[in-house]
Each structure stands twice: as C-alpha cells, then as structure tokens.
Number of protein chains: 2
Amino acid sequence: MCGALGTWHTAGMTTAQGARARARAEITAAIKEAARRQLADEGAAKLSLRAVAREVGMVSSAVYRYFPSRDELLTELIIDAYDSLGEAAEQARDTAEDATPLARWTAVCEAARSWALAHPHEYALIYGSPVPGYSAPQTTVRAAARVGLALIGIVGDAREGTGLALPTLPAELRPEAERMAADFAPGLPVEAVPAMAAAWAQLFGLIGFEVFGQFHRVVEDREPFFRHAVRELARSVGIEE
Amino acid sequence: MCGALGTWHTAGMTTAQGARARARAEITAAIKEAARRQLADEGAAKLSLRAVAREVGMVSSAVYRYFPSRDELLTELIIDAYDSLGEAAEQARDTAEDATPLARWTAVCEAARSWALAHPHEYALIYGSPVPGYSAPQTTVRAAARVGLALIGIVGDAREGTGLALPTLPAELRPEAERMAADFAPGLPVEAVPAMAAAWAQLFGLIGFEVFGQFHRVVEDREPFFRHAVRELARSVGIEE
DNA sequence: GGAAAAATGAGAGCGGCGCTCTTGCTATGG
DNA sequence: CCATAGCAAGAGCGCCGCTCTCATTTTTCC
C-alpha cells in the first residue's frame, strides 16, 4: 500500500534518523566533556558517573544509556589522552621539520613533557598505575603508539643523513631486536631498535618522575636537567650532535 | 576478682603498660597485614577499610582507633613498600660486593625489576599515580631514597677505581648539578650527578613500562632487553665495562 | 496512518564505601 | 575502690556503581 517511493527515503529520513542520532552524539559528547573536566580537576580516582550525570543535568541511571560502565567512560578518556599527547608530539615534530635530528628529537621529548606537566591527571591516567582491573584493549594501542612512532621516524631520518653510531647487540638480544624491527620499525638498523624502545620507556621515566613528584627536593631546576637527559637519550639511539 | 596488685607478673607480662600497648601493637599489625594482603591481591583502588575490618574480625568503626583514615593506612603501606624494595636493592648490592661496578649496578637494577614484577600492586602504589590528593609527606622520603642511594654508592666506588668518563655539563646545568652533588652525592664528581638522577628515573621508566603493560606486544623477550638497557644506563653514568 | 518496536529518561532501590557519633564495657592507674 | 581512658559495637550520613521497572517519546515497518 505504501507507495513505491515511500519505502526507502521517506520524507523526514535525514531529519528523523539524523535527529535522534545527532542528539545522541551531542549528549555523548557532553558526558565526555563533563567527565574530562572532572578528570582534569580531581583525577581519575574521584571521577564519578553520578557527578558527571549531575553536571549534564541527568539522573545517574540515564548515563548508562551512553556508557555501559564507569570504566568504559574512563577507557574513552584514556584514548583521548593518548591522542592528545600524540598530537602534541607530532605537531612538535612537524614544526621542527627542517631542523637537525637532534633538535627534532628534543622538540618531541619536550612537547611530551610539557603536555604531561599541563595535564598531570591525564598523564597519570595513561602512564600511571592501570586504574581498575585494567582496561587497555586493542583500541588503545594505536593511540598509545604515536609518541613512540614519532621518535622512530626521527631516528629513521637521522639514519638517512649520517649513519648511526651504535654498539653491536649482544647475541641474546639479536633475535628479539630483529622481530621488533620487523614489527614496527622496518626502516631502522637492527641495533637501533632496542635502544629506541629503551629510550621511549626512559623518556616517560623522566617525565613521570617529574609529574608524580619523585624529583621533589632532588632535582629542582628541571628544564635544563631534562634537556640534558634528553640529549643523552638521543645519543643512546645514535643521533649525533 | 581483680586480684591483688600483683596482677601483672602472673601471666608473664613484661611491663605494666606493656599489656595494653602490646595488644594494640598486635592489632595494628594484624590490620596492616590484612591491608597488605588486600593490596597485593586487588590493588590500592580496591583496598577498603571495611573489608580489612571484616578480615580481622572487627566492625569498621573500630579500625579508626588504629588508623585515622584509609589514606593514613595506605601511607604506611607505601613506606613499607619503599622499604621492601630498598631492602631488595641493598641486598643485591651487598651480595655482589666483590664484583665489578658494572656487575653490581646490574645486580641492583635487576633486583629492583624483580621486586616490581613480584609486587606489581605495591610497585604501582609507590611509582604509579599518586593515589588520593596525594600523601608523600616527609616520612616517606628516606625510604624512597634507598634504591637511588644504593646506585650512587656503586658509582662512587667505581670512581675510586677507574676514573669515570663523562661528558662535560652544559653551563646552564652546572649550578643545579653542584647543588645536587652537595645535597646527596658528596662523593661524586659533579658531572656524574645529573646522569645519576636521570638514570634513576630512567630505570623506573623501564621497570614501569614492563609492570604496567606498556611493552605488551612491543618488547616480548624482556630479560635480555632489560639487561642491555641497564648496561647502557651504567655507561651513561660513567661505569665502564 | 497506525500499530509494533526500539530508544530514552526518571525513580526507586541494592549493596558497598569512608567516616562520625553515641553507647556501653573493661582494663588501668590514682 | 572508684574515676578515667581506651576500646568495640551499632546506627547513621552521604556518597558511590549499577540494576530494574515504568512511563514517555521517537522510529520503523506494514
């Protein structure tokens, strides 16, 4: 009975389906925004679904239509944090595009540090203790890799210029180094790959100690200290001055 | 039947006040032990005073006679964790007393790593995100310093043997390096001090990435990787093979 | 166009949490 | 021997995550 025309594209289709979907997207975004604000203000431990609901003017049970649990909400914030940090790092890399490898390496490291100091709670969320049981599914890995990949890219470029000067690997480490190189750093000489992974972790060791207060009354003038450490880190992956 | 005044040598009590005080000490210890068990099992986030009270057979409000708040309890566990880790590190250092500086350096680093892998939740408590507002008062600093001091000691010894080969410091870092040296590494040449502080943070960067799963699907064969990284770390503070 | 189905939001409620306050009791110490 | 200080228990406050039910919209499909 309904005309042939009516079946698919009924009059209000875009408005109809779109309206509902868009409302949902907007509310989801509002919830995330409120959650992000709470996270930045008070930290992950104090982030509560009920408070978020209050802030967006909902009753708490309604939020569960949008996020199945508090931890799922947190997971989304984790991914956002990784992306925010990754973007800061990539932007620093691109801004220093024409500089020397050492300058670009330093720029990326300092961007990561600045981001962490500006967003300590987000930093804690991604590089501190895993919050619940934990919640790092496959979804987060891509976002999590961005800083590391930015650094790998710089080392790769440096290698094209001057050859990297690196110590030979111990035999016990060679197979693993080759696997790692094949998996995520195909452009790099095999000797550089474990050094890269170590430098990646060590960079966040330096940043984490500063953000979490471990350097309190130990290292006070932290910027020159960090710069120096990062320069040595560059040397350890074969970037020469 | 409050017996005569002789009450307190009947049951083998050593001191008068000792009876009540000892009971208090025992209960305090029992509470801490239960808390430690919960921490190891479930992590700091799930540690609840009520659950601890249940485990020691008390009502929750009674626990507040012994610890003024959950965070105070956690703070004590933090100190214990620092001490446990510090003791593991010092023991490794002392066991390798007659070995080369590099071997001793490696022993301490590997002891720290092993402790962290064996006690991930305790590790998260002390090197992960600060838990509440946070709670690192003056009480914790001494315990927190033990691993760092063990490493400083090794570098100091190495310096007495062969001279350390270290790059000169940038001028901007020199004053801070001299202050740091005066404050907590008086036996070390000034060039080694920032390198030491950096190596300290970087060591826990490596360990933290492993404990918190950041190396998942990135570094798989982690022992040789760690050994290699730690050897390079030793080089960075001037310990030669 | 109208009925069936799906989505949404409110409300009440469950069990658990940290923490406080009051109430009896008992060991302690003048 | 009695006043007191320390202690355990209980009730209770306000918060939390999460579930379930119920009424009210849309949306979908015939």
Side-chain angles (χ1 to χ4, degrees), chain A residues 1-28 30-31 35 38-39 42-75 131-133 135, chain B residues 1-11 13-28 30-31 35 38 42-75 131-133 135:
Chain A
M1 40 160 62
C2 40
L5 312 119
T7 356
W8 280 114
H9 34 58
T10 53
M13 177 163 176
T14 47
T15 334
Q17 172 148 329
R20 207 73 220 83
R22 213 183 46 190
R24 186 177 179 86
E26 272 168 21
I27 294 178
T28 306
I31 292 173
Q38 280 194 25
L39 171 63
E42 305 267 17
K46 307 244 175 177
L47 185 148
S48 96
L49 252 171
R50 288 180 115 112
V52 169
R54 240 174 279 130
E55 196 171 320
V56 300
M58 274 175 152
V59 85
S60 76
S61 61
V63 177
Y64 285 84
R65 300 277 180 202
Y66 298 88
F67 295 91
S69 77
R70 174 187 180 273
D71 286 356
E72 284 293 322
L73 214 189
L74 259 183
T75 300
V131 201
S135 55
Chain B
M1 69 140 84
C2 32
L5 323 144
T7 22
W8 60 62
H9 43 276
T10 31
M13 305 181 183
T14 45
T15 53
Q17 297 226 17
R20 215 67 240 112
R22 211 184 47 189
R24 186 179 176 85
E26 273 168 21
I27 294 179
T28 305
I31 291 173
Q38 280 192 25
E42 305 267 18
K46 307 246 176 178
L47 185 149
S48 96
L49 253 171
R50 289 181 116 111
V52 169
R54 240 174 277 130
E55 195 171 320
V56 299
M58 274 174 153
V59 84
S60 75
S61 61
V63 177
Y64 286 84
R65 299 270 177 204
Y66 299 89
F67 295 91
S69 76
R70 175 186 179 274
D71 287 356
E72 283 294 321
L73 214 190
L74 259 184
T75 300
V131 201
S135 55

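Lettering of chains follows the sequences in order, A, B, ..., and the numbering in each one begins at 1.
- In this structure, CZ of A:Arg65 is placed 12 Å from C1' of D:dT24, rounded to the nearest angstrom.
- Taking 4.5 Å as the limit, every side-chain heavy atom of A:Val56 sits out of range of all side-chain heavy atoms of A:Ile27.
- Closest to the side chain of B:Ala51, from the set C:dA10, D:dG17, C:dC17, is C:dC17.
- Separation of atoms CZ (B:Arg65) and CD1 (B:Ile31) is listed at 12.0 Å; rounding is to 0.5 Å.
- The two atoms that bring A:Leu47 and A:Gln38 nearest to each other are CA-OE1, 3.8 Å, heavy atoms only.
- For C:dG18, one of the phosphate oxygens OP1 or OP2 lies less than 4.0 angstrom from a side-chain nitrogen or oxygen of B:Arg70.
- With the nearest nucleotide of DNA chain D identified for both B:Arg50 and B:Gly57, B:Gly57 has the one nearer the 5' end.
- Residue contacts shown for A:Leu73 are absent, as no nucleic acid heavy atom lies under 4.0 Å away.
- At the heavy-atom level, B:Ser69 lies under 4.0 Å from the strands shown only through sugar-phosphate atoms.
- Considering all non-hydrogen atoms of both residues, A:Val52 and A:Ala35 come closest at CG2-CA, 3.9 Å.
- Between the CE atom of A:Met58 and the P atom of D:dC18 there is a distance of 16 Å, given to the nearest Å.
- Across the protein-nucleic acid pair, B:Leu47 atom CG and C:dG16 atom P stand 17 Å apart, rounded to whole Å.
- The distance from atom CZ of A:Arg54 to atom C1' of C:dG11 is 16 Å, rounded to the nearest whole Å.
- Residue contacts for B:Ser48: at a heavy-atom cut-off of 4.0 Å it reaches the sugar-phosphate backbone alone, with no base atom in range.
- One interatomic measurement links the two molecules: CZ of A:Arg24 to P of C:dA6, which rounds to 15 Å at whole-angstrom precision.
- In this structure, the OH atom of B:Tyr66 is 12 Å from the P atom of D:dG6, given to the nearest Å.
- Within 4.0 Å of A:Phe67, counting heavy atoms only, lies no atom of the nucleic acid at all.
- Nucleotide D:dT21 holds its C1' atom 17 Å from the OH atom of A:Tyr64, rounded to whole Å.
- Rounding to the nearest 0.5 angstrom, the gap separating the OH atom in B:Tyr66 from the CE atom in B:Met58 is 4.5 Å.
- Listed nucleotides C:dG9, D:dC18, D:dC20 differ in distance to A:Ser61; the shortest reach to its side chain belongs to D:dC20.
- Protein atom CZ of B:Arg22 is 15 Å distant from nucleotide atom P of C:dA27, rounded to whole Å.
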